[in-house]
Amino acid sequence: MKQNRLAASPGAVVFSGLLATVAFLGVLYSVGEAAYRDLVFSGLTGLFATAGAGAAAIWAGWRANFTSADLARAEHDARHDKLTGLYNRSALFEELEKAAELSQANETTLGVLFLDLNRFKVINDSMGHDAGDELLRIVAGRLRASVRSFDVVARFGGDEFVVICRDLLSEKSVVAVAQQILRAFEEPVSLFGKVMTASASIGITIAKPGDPRRAEDLVRDADAVMYKAKRTRSGYAVFNDSHRLEAIERLDTERDLVQAIKEDQFMVYYQPLVNVSEKRLYGFEALVRWNHPTRGVLGPGQFLAVAEETGMIATIGERVLREACAQAAVWNHLSPDARFVKMSINIAEQQLVDANFPSLVAEILDWSGLPPEQLVLEILEDVVVDHLDGLSCLRELRALGVELAIDDFGTGQSSLSYVKQFDMVSALKIDKTFVDEMETSSSNRAIIEAVVAMAKALELRVIAEGVEDKDQVKQLLDFGVDIMQGYLFNMPVAADVIDPSSWFKTRERSPEGLKGVLVSQAFSQPASVERPKRRG
Ligand code: C2E
Ligand code: MG
Ligand code: MG
């Protein structure tokens, strides 16, 4: 733009000069002398030739200016990400090749950091794409501010970023950069009036002089180890050779999961929850299993993280919900006492942030014929805390008549103060680690006791998870915890292991008028009965 204005002013000068000369020649011509006329003609010819050449020169200059500005912009756009202004993926690889060469020449260390935002999909889905974009811009700014001016920061795609730190003295300096970045994330983010904390997982790969890996390999390795940081919630992890194998396995799992969904290779196992003081079966927890064609029956620990990272958890979760509700309805049909037994189902965050989730639950209840009061949805503590003001669906679910329970209580941002504001939750499941720690120290016992007392005061039902020995049972009963789940009572089992005629047999009427179910029947199953069995 600036060049165009500059080009216009000499044009104006030439134009005024031309006008003046034409006027002068006109005067000469009007005098009428032949000599003057010849002079006028040759003057005019010269004048037009000069003007033409001048105009061509100005036009060429203007074009040249215009084209170089345009070219520079096009070149910038080709190497930068539109949303964040950071380098894009292709520029990243060029810069990484250069940085690797430099580090080789200077015999210094090169660090590649692969950063992925935690739960970005959930933020995007629940708060909208504008909020997601704004978060990416904020993250880009924080990344830039956390590294040295000559370090390269690039957006790799989606919510993934790569930082290249060249010319470092040691491995420690690379780790220090990652720690610095994670510190920058501790500052809360304000997204359209909602204050939240964004967090990230960083995979680090370090190349020493002589490292044969190419730019693509370095990024791939940093990406692979990022998943480990994410799974272990450790913030960052540094790549080593054992991770290469894990990365390959992860890719295999992802590929096999696609097939598993197509072929419906999932099964649901059921683990009893026992009301020990009333000696009755309180409920079941539905736990997903994957009947893998070559690896055998896999537990959630072996595939759930990949299902969450890839979004496949929503499909798997819906199938578990459908199957467990249908199973509970079948038991109701086979034994009238089964109606007093709850069916607890784990719900992933990605399911909860879907606005259609409450109508899906309503549809499944209707389809299966399961009374809503028998269904309990288990939600992880961190998910509840993160969505205190955002999960309107929890209210809709409560309105359907289903119960909500906080799962793995004690593993997250444990604070009973939020539960107080949260009248929609009716039960709290104390995590196994708490139950284990109860035995190790008196201060842990005091914590559990306080948690149980507060939960009771808030009229929340308390359930202890992972109960494995009788001393724990005794201790928990002393604290006032009646409902327990754990290997001591039963392993999770396939549905056909549960014989309705014995498991749901009426024992007696309890004081509230509910019919109890003989707990001794639940105890009677051998602890090792978790066996592979395809459903259907
Ligand atoms: P969770 O919801 O806390 O479930 C309890 C886990 O503890 C189960 O592991 C169960 O087998 C195990 N467990 C029960 N009693 C004992 C015990 O006495 N000792 C020990 N060591 N473990 C015990 P599982 O089946 O491997 O499931 C792990 C986690 O995977 C679950 O933890 C839950 O968070 C998740 N999960 C399972 N099924 C689903 C599902 O369908 N959807 C979703 N979103 N998550 C699921
Ligand atoms: Mg659970
Ligand atoms: Mg749990």
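Note that ligands are numbered from 1 as they come in the structure, with each ligand's atoms numbered from 1 the same way.
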Has [X] got any heavy atom lying under 4.0 angstrom from an atom of ligand 1?
X      : value
Gly466 : yes
Met491 : no
Pro492 : yes

- Name of the Asp408 atom (N/O/S only) found closest to the Mg ion (ligand 3): OD1
- the Mg ion (ligand 3) is nearest to which N, O or S atom of Asp407? OD1
Assess whether a salt bridge exists between [X] and [Y], defined as any Lys/Arg side-chain N lying under 4.0 Å from an Asp/Glu carboxylate O.
X      : Y      : value
Arg250 : Glu309 : yes
Asp241 : Arg244 : yes
Arg322 : Glu318 : yes

- Message: Within ligand 1, which atoms have a heavy atom of Leu304 less than 4.0 Å away?
- Response: 30 (O), 35 (C), 36 (N), 45 (N), 46 (C)
- With a cut-off of 4.0 Å, which atoms of ligand 1 are near a heavy atom of Glu285? 1 (P), 2 (O), 4 (O)
Would [X] count as a polar contact of ligand 1, with the cut-off being nitrogen or oxygen pairs under 3.5 Å?
X      : result
Val320 : no
Gln271 : yes
Glu468 : yes

- Donor-acceptor under 3.5 Å (Glu323 side chain, Val320 main chain): no
- Message: To make sure I understand the geometry: which N, O or S atom in Glu285 is closest to the Mg ion (ligand 2)?
- Response: OE2
- Item | Short N/O/S contact of Glu465 with the Mg ion (ligand 2) (below 2.8 Å) | no
- Taking 2.8 Å as the cut-off, does an N/O/S atom of Ser344 lie below it from the Mg ion (ligand 2)? no
